[in-house]
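Throughout, a chain's letter reflects where its sequence line sits, starting with A, and its residues are numbered from 1.
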2 protein chains.
Amino acid sequence: MASSEPGAHMTPSTNKYSNRVILKTIFERSDGGVGFAGQRVVIGGWVKSSREMKEEAELSQNVGTKDARCMEVLRFPLLRSILKALRGEGDSRVHQKMDLDVPKPPRPALTLLQLSDGSSLHRLVVLVSSELASPSQILPTGTCILVEGTLQQPALQMKHVIELKADRILHLGTVEPNSYPLTKKQLRLEFLQNYPHLRARTSTVASVMRIHSAITRALHAFFQDNEFLFVQVPTITTTLTRGSSNKYLVNPILDIQEASNEAKAEFSKNFFPQQMYLTDSGRLHLEAQACALGNVYTYGPRFQAKKSLPEMLIVEAEMAFSKLEDAMNCADDLLKFICKWILENSTEDVKFLSKRTDKSIEDHLRLMTSCSPEKISYTEAVKLLNQATEKKPGNSMEWGVPLTDEHASYLVDKIYKKPVIIYDHPKNLKPFNVRLNDDEKTVAAFDIIFPKFGTLVSGSQSEERLNTLSSRIEEFGLSKQHYEWYLDLRRHGTVQHSGLSLMVDSLVLFATGLYDIKDVVPFCTTPI
Amino acid sequence: MASSEPGAHMTPSTNKYSNRVILKTIFERSDGGVGFAGQRVVIGGWVKSSREMKEEAELSQNVGTKDARCMEVLRFPLLRSILKALRGEGDSRVHQKMDLDVPKPPRPALTLLQLSDGSSLHRLVVLVSSELASPSQILPTGTCILVEGTLQQPALQMKHVIELKADRILHLGTVEPNSYPLTKKQLRLEFLQNYPHLRARTSTVASVMRIHSAITRALHAFFQDNEFLFVQVPTITTTLTRGSSNKYLVNPILDIQEASNEAKAEFSKNFFPQQMYLTDSGRLHLEAQACALGNVYTYGPRFQAKKSLPEMLIVEAEMAFSKLEDAMNCADDLLKFICKWILENSTEDVKFLSKRTDKSIEDHLRLMTSCSPEKISYTEAVKLLNQATEKKPGNSMEWGVPLTDEHASYLVDKIYKKPVIIYDHPKNLKPFNVRLNDDEKTVAAFDIIFPKFGTLVSGSQSEERLNTLSSRIEEFGLSKQHYEWYLDLRRHGTVQHSGLSLMVDSLVLFATGLYDIKDVVPFCTTPI
């Protein structure tokens with residue numbers, strides 16, 4: 001019973017800023033919302049599926065339900081109208097139709113809508129009489145409807161436990177059925193990539209979006225629980241971590257019609273004192289803050305000009321007084337925390353997606369919460385890979401080249417069968433600012449590689465020694481002038497520090513069992 | 001006593017990822033950390049101020065303190081050395097110096113450092129003997145030091161209640177005093193703008209950064225408490241809310257030395273199918289998600305090519321099934337929530353800044369938590385302003401022009417003396433997508449204007465009618481082709497919806513009592 005459920009309210013609470021009851025608040029009750037039967041509510045959402053039925057048939061199904069009101073169980077519409085009139089119920093049209101000499105009016109049809117509002121997987125069954133809205137208007141999938149009515153228990157033979165009998169339509173947003181692309185059930189994800197602005201209306205993409213949101217929440221919770229301060233880093237910068245690479249140049253333009261071409265050229269030329277780019281990493285700027293505030297983190301888009309993913313969503317953290325090992329531990333704890341969070345807070349979405357995408361999502365998430373990744377150095381990894389391929393001549397891997405996806409997959413899927421941390425990479429494979437190890441060949445960086453998903457986290461200890469860092473900037477052919485501010489951090493009160501970057505989009509892939517990054521990035525196609 | 005304090009631990013906890021005790025965890029105890037006396041800890045931070053003193057003088061101050069260990073209160077270094085040797089204490093150097101025939105060794109000087117680690121305003125006094133580190137190395141402001149030692153209560157006459165007696169130096173990051181710009185006390189904020197990478201080491205900027213972090217935390221808490229889902233929106237887009245304006249064009253460039261000029265030109269030309277810009281607002285994309293998921297929010301940088309602030313940090317929210325009034329209420333509640341959060345969670349930083357910047361910060365924050373802004377329409381505002389200036393001929397304000405800062409200031413500071421919501425603006429003053437009111441002259445937009453700080457929140461109800469929106473796109477001279485996806489949201493299942501944008505940087509200004517936005521944006525200058 002509602003009243004005995006801890007924390008349950010007898011009245012569903014109306015969302016403060018959208019004047020409706022969010023469906024999640026009905027369905028998250030342990031009784032599935034039954035305790036709200038009899039309550040008047042406003043509900044809004046989009047039609048997921050629908051069917052038209054004769055009211056009489058519908059009503060007969062209601063016979064025997066306990067809370068059905070007397071009026072609803074009468075089998076004879078005419079008699080019901082008389083009774084309504086006698087009780088003073090019904091609208092004026094009903095009164096007009098009471099004249100017994102007039103031929104029997106066509107019985108109002110009943111439309112049964114399954115409505116979703118995106119707050120959870122659950123759909124509410126809404127019964128709308130044709131007197132309220134023409135079935136042809138509300139039947140199409142994608143129709144938006146805001147209705148007022150009374151929650152009731154349906155007939156016993158129905159699958160759902162609570163439904164809404166609508167008595168007022170407050171808003172109706174129809175669809176153009178000929179051009180609406182999401183009418184079919186079970187649309188392929190690849191097809192949906194063409195409609196990033198509409199696809200969150202499908203159950204699968206909506207679940208992905210909710211898990212994305214849960215991961216963001218978990219990220220903030222983790223860092224805040226561990227005393228990290230949030231810091232905003234610049235998006236437009238001169239200081240990149242990669243030397244030669246694909247990047248985005250930022251051109252300020254004066255887009256005022258009245259402006260002369262000279263004025264426009266002048267504006268673009270003089271806006272920035274030098275060429276500015278979209279940032280490829282927030283970690284350099286985060287280091288400046290860590291060298292004053294201790295433990296800091298940030299969250300935002302990072303950029304490399306890659307057509308497959310023009311911008312990446314990344315969370316980055318930096319910790320003063322910490323070494324490579326600390327960053328690895330932090331990454332491990334962070335992944336454990338997020339996976340636990342998803343299992344506890346996105347239970348239904350994970351269960352639903354595991355049916356649609358990959359049955360082992362839950363097992364993977366659970367495994368992550370209980371076991372730490374295997375740790376091996378890059379050099380050990382090369383040795384292992386060469387041992388594995390030594391029977392195939394010509395297949396040997398040279399020390400110093402990047403691990404390919406196949407290499408990573410072999411280590412993770414074949415050898416260890418769990419995530420692997422590969423650390424101490426050759427110095428030319430990592431950014432200039434990673435700390436040079438004593439062997440002067442490798443640097444204190446690590447990647448956490450996940451089965452199927454590749455690198456989810458990268459991290460490193462930063463070079464805190466001024467001279468070594470200066471040499472590295474030269475080695476990479478970077479303009480020293482652009483990095484003067486960064487060198488200042490080593491000139492004045494330098495500190496050992498380390499940090500990490502977590503690819504949020506890839507983590508969403510892992511948590512949802514999907515494979516194509518375009519299925520989880522909210523706006524995956526350009527132009528949009 | 002520590003043991004009787006609720007939630008207090010007898011041992012200060014070492015931060016998991018940086019192998020040190022964060023100072024905040026010592027000072028946030030109600031006893032100011034006294035209960036930790038006798039505990040061994042590792043502490044790291046940067047020197048805020050320092051002085052050298054004769055150990056003898058320092059020791060004499062300790063006479064009479066209850067927890068001073070026997071060794072510390074002896075006034076005669078020689079006698080102490082003998083006693084140490086007899087007890088087997090002291091390092092080998094001390095043993096060597098024991099020979100009484102040798103001339104008296106110079107007494108080790110003691111350096112007293114005030115150390116800050118950025119976690120809170122508090123500084124820990126650290127005593128370092130010259131035997132551990134040369135005073136000239138550790139005295140300069142800005143020096144980074146990681147030390148191990150024992151917490152102890154100082155002599156009674158000292159201001160502080162707990163200090164660290166260092167016995168091991170784990171890391172030392174010196175400064176180049178000639179080039180370190182932050183040696184003086186009380187540096188002007190304008191001067192500090194030249195050093196955005198170092199200025200968080202000053203007390204004022206560190207406080208600002210902590211309040212910035214607290215505001216970010218509060219923002220997420222508010223939206224999550226109110227069942228909003230977090231959604232990431234694209235940074236690179238074709239769809240801007242403003243037609244002609246200053247904006248940033250994004251040019252992908254292939255920056256690989258070996259690439260030919262043709263390949264480079266080809267890359268830039270073919271990367272995007274059309275010109276792409278940095279987004280000026282996330283709200284259009286957020287609308288697409290609201291029209292599937294209900295209440296959504298996002299957080300990130302937004303761009304207009306303005307030299308004074310090349311990128312702005314903005315939080316945006318969008319709510320399906322909601323109107324202008326709902327967005328105003330949401331903005332009001334959001335501001336109340338954040339101000340309350342700051343008062344409760346950043347108490348010390350607010351108190352400190354109010355001494356440094358504006359004594360009335362706390363009053364302003366408290367006022368905000370208890371009273372809602374005054375609401376007037378743009379038309380009423382014009383009337384009021386014209387009434388106020390009617391005695392000065394030629395000063396009258398025409399309906400349809402934007403309110404100037406002076407106008408806003410008059411309304412807010414002179415007439416109402418509290419924040420004011422101005423709503424229903426002339427349609428040409430707001431973006432194309434704001435809902436046209438029935439008068440066909442004004443649109444359903446609002447701004448919340450704060451005393452001294454201008455507009456902190458803007459919001460609007462979006463145009464949900466397909467035909468009206470199409471006309472408005474034409475009126476604004478926008479390319480309809482770029483907005484086809486946006487029109488789809490009205491073609492299919494359209495819904496009334498509204499939202500808001502909160503300028504995070506401006507809110508930090510308000511909460512810190514500062515006036516120049518460059519003082520609160522972490523990296524305020526370009527290039528960096």
Check your understanding: Does any heavy atom of chain B fall under 4.5 Å from the side chain of A:L313, the backbone, both, or neither of them?
Key -> side chain

Practice item. Please round to the nearest 0.5 Å and tell me the distance separating atom SG of B:C330 and atom CG of A:N15. Key: 9.0 Å

**Study point:** Interatomic distance, B:K264 atom NZ to A:N246 atom CG [nearest 0.5 angstrom]
**Key:** 10.5 Å

Review point. Between B:C291 and A:W46, is any pair of side-chain heavy atoms under 4.5 Å apart?
Key: yes

Review point. Is the closest side-chain heavy-atom distance between A:L466 and B:E176 below 4.5 Å?
Key: yes

Review point. For the candidates B:K24, B:R217, B:H212, which exhibits the highest count of non-hydrogen atom pairs separated by less than 4.5 Å from chain A?
Key: B:R217

**Study point:** Close side-chain approach of A:M209 and B:V231, heavy atoms under 4.5 Å
**Key:** yes

Review point. Can you say whether the rings of A:F523 and B:H285 are parallel (under 30°), tilted (30 to 60°) or perpendicular (over 60°)?
Key: perpendicular

Revision key, fill the gap. d(A:D326 CG, B:S18 OG) to nearest 0.5 Å is 7.5 Å

Study note, to complete from the structure: From the list B:H220, B:Q274, B:R199, B:E227, the residue making the most non-hydrogen contacts under 4.5 Å with chain A is B:H220

**Study point:** OG on B:S179 to CG on A:D488, rounded to 0.5 Å
**Key:** 7.0 Å

Show me the donor-acceptor pairs, under 3.5 Å and distance only, between side chains in residues 493-500 of chain B and residues at least two apart or in other chains.
from, atom 1, to, atom 2, distance (Å)
B:T494, OG1, B:E464, O, 2.7
B:H497, ND1, B:V495, O, 2.7
B:H497, NE2, B:E287, OE1, 2.7
B:S498, OG, B:S322, OG, 2.5
B:S498, OG, B:K323, O, 3.0

**Study point:** Interface residue of largest heavy-atom contact number with chain A, from B:M319, B:E484, B:R490, B:R491, under 4.5 Å
**Key:** B:R491

Review point. Can you name the nearest heavy-atom pair linking A:P301 to B:Q232, along with the distance?
Key: CD-NE2, 4.3 Å

Review point. With chain B, which of A:Y277, A:Y195, A:F228, A:F303 has the greatest number of heavy-atom pairs at distances under 4.5 Å?
Key: A:F303

Exercise for review: Mind ranking B:G142, B:P177, B:A292 by heavy-atom pairs under 4.5 Å with chain A and telling me who comes out on top?
Suggested key: B:A292

**Study point:** Residue A:A221 versus chain B: region with a heavy atom under 4.5 Å
**Key:** neither

Point to revise | Separation of A:F271 CZ from B:Y248 OH (nearest 0.5 Å) | key: 3.5 Å

Review point. Using a cut-off of under 4.5 Å for heavy-atom pairs, which of B:V250, B:T143, B:V296 has the most such pairs with chain A?
Key: B:V250

**Study point:** Ring-ring centroid check A:Y17 B:F321, cutoff 6.0 Å
**Key:** no

Check your understanding: Is a donor on one side and an acceptor on the other found under 3.5 Å between the side chain of A:S213 and the backbone of B:L229?
Key -> no

Check your understanding: So which of A:L170, A:V47, A:V175, A:L278 has the largest heavy-atom pair count under 4.5 angstrom toward chain B?
Key -> A:V175

Point to revise | Closest heavy-atom pair and its distance - B:I236, A:E311 | key: N-OE2, 3.0 Å

Exercise for review: For each of A:I22, A:L198, A:N226, tally heavy-atom pairs with chain B at distances under 4.5 Å, and name the one with the top tally.
Suggested key: A:N226

